[in-house]
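We use all heavy atoms of the structure for the numbers below, so side chains are in, but hydrogens, waters and symmetry mates are not. Sequence positions, counted from 1, serve as the residue numbers for this chain.
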Amino acid sequence: MNQTRVILSVVALACVAASPVHAQQAAPVAVARTEAATPLTADQRATGIAAILRTIEARYVFPERVSAIRSRLNEGLSSGRYDTSDPAVFAERVTLDLRESSRDGHMYLNNAPAQYAAALTSDVDVFDNPEMQAIWAAAARRANHGLSEMRILPGNVRYLRITQFHWVADRTGQAYDDAMRFLRDGDAVIIDLRGNGGGDHAAVRYLLSHFMKPDQLDITFLEAGREPVQSRTLDHLPAGRLTGRPLYVLINRQVGSAAEAFAYDVQQFGLGTLVGATTAGAANNNEFVPIAPGFMLSVSYGRPVHPLSGTNWEGVGVSPDVAADPATALDTATALALTALLSRADADPVERAGWEWAEAGIKSRLNPASVTVARLRALAGTYGGRVILFEGGGLVWRRPDGQKVKLAPMTTDGLFAPEGYDDRLRLRLTGDALEVQSVNAPAPSRFPRD
């Protein structure tokens, strides 16, 4: 097989209606560890750089940048910057030069012997290459297609974390259907993309379709010499649509490519609120080329254009609607969701009580209360046989079975959260009494100080 032959996408595309777009970023795939990498020779380095340049000259989406890329790679080879026998180090140095000279996050070289070998097994397009498909399908299966975590947060805010946008025909859609059914019963939805480097547009379109009307243009892909390709939202969704619920999407600097596409759509179409930090800024569509003796080159061949902005997020990233430290973005988004829910005039009293309880817990985490040692000491005592101790600089509740439970201050006026109760129980110490509050009790139980 000609080693400069273009290898398209990272996973096969298909679903209820096949996506017309190729993947934007390779999904990480675990490989078997070996004792040591096969040493890279000078001839292999020179041949590899020549193959990379041929591919870029033939396929790169921005021809005006090719000269700068060529100069940078040739200088790296002649100066000795690439003089290493370690394939991983070689790939790292070439990637740095590719990205700096092109200003394009989708230009990189991976040391990937297993994928390189699989790509060479057939001259057919990668979509029809069984070995490549098997590699990607195995990675998707082990990662539950990137849907790594689902949780019910206090106040029935439903949370989904997506670590990668995998897509495997007749498999990934079913995983998303299950996740969407889970989210559908929430009062608000949080989708966590933090750390998601991208993946396949088919998965993005499938997810996005749940928050939009059918057959809406979501993005157009442009490639020199070819007709524009449109991506439109799907008509049929087994789990139904999730419109009408408050939606929050968590982002950070490590969110890239296809993950940025979803965030960008949420913002442009006004589907929800982005919380966190500006994303990586990698919008171009990329494809993969095997480079001897064991590399895969990612090269941008096209670019997306959004129907509303007329542009994309390349080089600038997607800015959050609410800036927040990514480490606390989940609590920030949960607080925003609960505030929005509590603003509803038609809220059911039971649901409102749950939101108010949850809001108090979130606010205490975002703004931890500070209680003086003197005040904590004064609150220690026995209340109706219930023992509160001052130990280790804080208060401890000694249960009747002897177990000690730390109490975390929620407010400065004596409200505490016992550790290990998943925010279902709270204690209020007034000085002359202990009030035990339970999320499912209509009123607190009060125990006077002994």
What is the distance from atom [atom1] of [X] to atom [atom2] of [Y], rounded to the nearest 0.5 Å?
| X | Y | atom1 | atom2 | value |
| --- | --- | --- | --- | --- |
| R428 | D413 | CZ | CG | 4.5 Å |
| S209 | L242 | OG | CG | 11.5 Å |
| L109 | L297 | CG | CG | 6.0 Å |
| S257 | Q164 | OG | CD | 9.0 Å |
| R449 | I388 | CZ | CD1 | 10.0 Å |
| Q216 | D235 | CD | CG | 11.0 Å |

Would you say [X] has more than 12 foreign heavy atoms packed within less than 6.0 Å of its [atom1]?
| X | atom1 | answer |
| --- | --- | --- |
| R171 | CZ | no |
| R142 | CZ | no |
| R158 | CZ | yes |

* Could you walk me through whether I152 and F182 pass the side chain to side chain contact (heavy atoms under 4.5 Å, CB included) check? -> CA-CA 9 Å; I152 302 176; F182 170 80; 3.7 Å; yes

Flag side-chain contact, heavy atom, 4.5 Å: [X] against [Y]:
| X | Y | result |
| --- | --- | --- |
| R72 | R81 | yes |
| M212 | L271 | yes |
| R161 | T163 | yes |
| T278 | V318 | no |
| L250 | I191 | no |
| L376 | F416 | yes |
| M107 | I56 | yes |
| V249 | L193 | yes |

* Cation-aromatic face contact R65/F62, 6.0 Å, 45 degrees -> yes

* **Quiz item: cation-pi between R426 and W357, 6.0 Å / 45°** => yes

Closest approach of [X] and [Y], non-hydrogen atoms and distance?
| X | Y | result |
| --- | --- | --- |
| L427 | P418 | CG-CG, 4.2 Å |
| S309 | Q268 | CB-OE1, 3.5 Å |
| G276 | P320 | O-CG, 3.3 Å |
| E419 | V405 | O-CG1, 3.3 Å |
| D331 | L366 | CB-CD2, 3.6 Å |
| A337 | A188 | CB-CB, 3.9 Å |

* Asked: Can you name the one residue among R398, K404, R377 that meets salt bridge (Lys or Arg N to Asp or Glu O under 4.0 Å) with E391?
  -> K404

* Asked: How far apart are the C-alpha atoms of I162 and L207, what are their side-chain angles, what is the distance that settles it, and do they pass the side chain to side chain contact (heavy atoms under 4.5 Å, CB included) test?
  -> CA-CA 11 Å; I162 306 177; L207 173 64; 3.7 Å; yes

* **Within residues 246-286 or reaching into it, pairs that qualify as ring-ring contact (aromatic ring centres under 6.0 Å, His included) - sequence neighbours excluded** => Y264-H306, Y264-W313, F269-H306

Partner residues of [X] under the side-chain hydrogen bond (donor to acceptor under 3.5 Å, both in side chains) criterion, sequence neighbours left out:
| X | value |
| --- | --- |
| N312 | none |
| S438 | N440 |
| R184 | none |

Please check if the side chain of [X] supplies one atom and the backbone of [Y] the other of a donor-acceptor pair under 3.5 Å.
| X | Y | value |
| --- | --- | --- |
| Q267 | A263 | no |
| D401 | Q403 | yes |
| N285 | Y301 | no |
| Q254 | A280 | no |
| N144 | G146 | no |
| T382 | G385 | no |

* **Pairs satisfying side-chain hydrogen bond (donor to acceptor under 3.5 Å, both in side chains), at least one member in residues 186-199, at least two apart** => N156-D187, Y159-D192, D187-W355, D192-R194

* Between T220 and Q230, do the side chains contain an N or O donor and an N or O acceptor separated by less than 3.5 Å? -> no

* Look at the aromatic rings of Y82 and F90 and report parallel, tilted or perpendicular, splitting at 30° and 60°. => perpendicular

* Verdict with supporting geometry, D104 and Y60, side-chain hydrogen bond (donor to acceptor under 3.5 Å, both in side chains) -> CA-CA 11 Å; D104 186 335; Y60 191 43; 2.9 Å; yes

* Step by step, would you call L40 with T84 a side chain to side chain contact (heavy atoms under 4.5 Å, CB included)? -> CA-CA 7 Å; L40 201 61; T84 175; 5.6 Å; no

* How far apart are the C-alpha atoms of S231 and D218, what are their side-chain angles, what is the distance that settles it, and do they pass the side-chain hydrogen bond (donor to acceptor under 3.5 Å, both in side chains) test? -> CA-CA 6 Å; S231 170; D218 68 87; 2.8 Å; yes

* Structure fact -> Between M180 and the options L237, V189, L160, the side-chain contact (heavy atoms from CB on, under 4.5 Å) test singles out L160

* Step by step, would you call S298 with N286 a side-chain hydrogen bond (donor to acceptor under 3.5 Å, both in side chains)? -> CA-CA 6 Å; S298 169; N286 62 321; 2.8 Å; yes

* **Short N-O contact, R303 and E314, less than 4.0 angstrom** => no

* T172, T233, D177 screened by side chain to side chain donor-acceptor pair (under 3.5 Å) with Y206, the one that passes -> D177

* Asked: Where do Y176 and H210 land on the ring pair (Phe, Tyr, Trp, His ring centres under 6.0 Å) test, with the steps shown first?
  -> CA-CA 10 Å; Y176 272 92; H210 290 83; 7.6 Å; no

* **For H145, all residues meeting ring pair (Phe, Tyr, Trp, His ring centres under 6.0 Å), sequence neighbours excluded** => none

* Asked: Checking side chain to side chain contact (heavy atoms under 4.5 Å, CB included) for the pair N110/F295: CA distance, chi angles, key distance, verdict?
  -> CA-CA 6 Å; N110 279 343; F295 302 100; over 6 Å; no

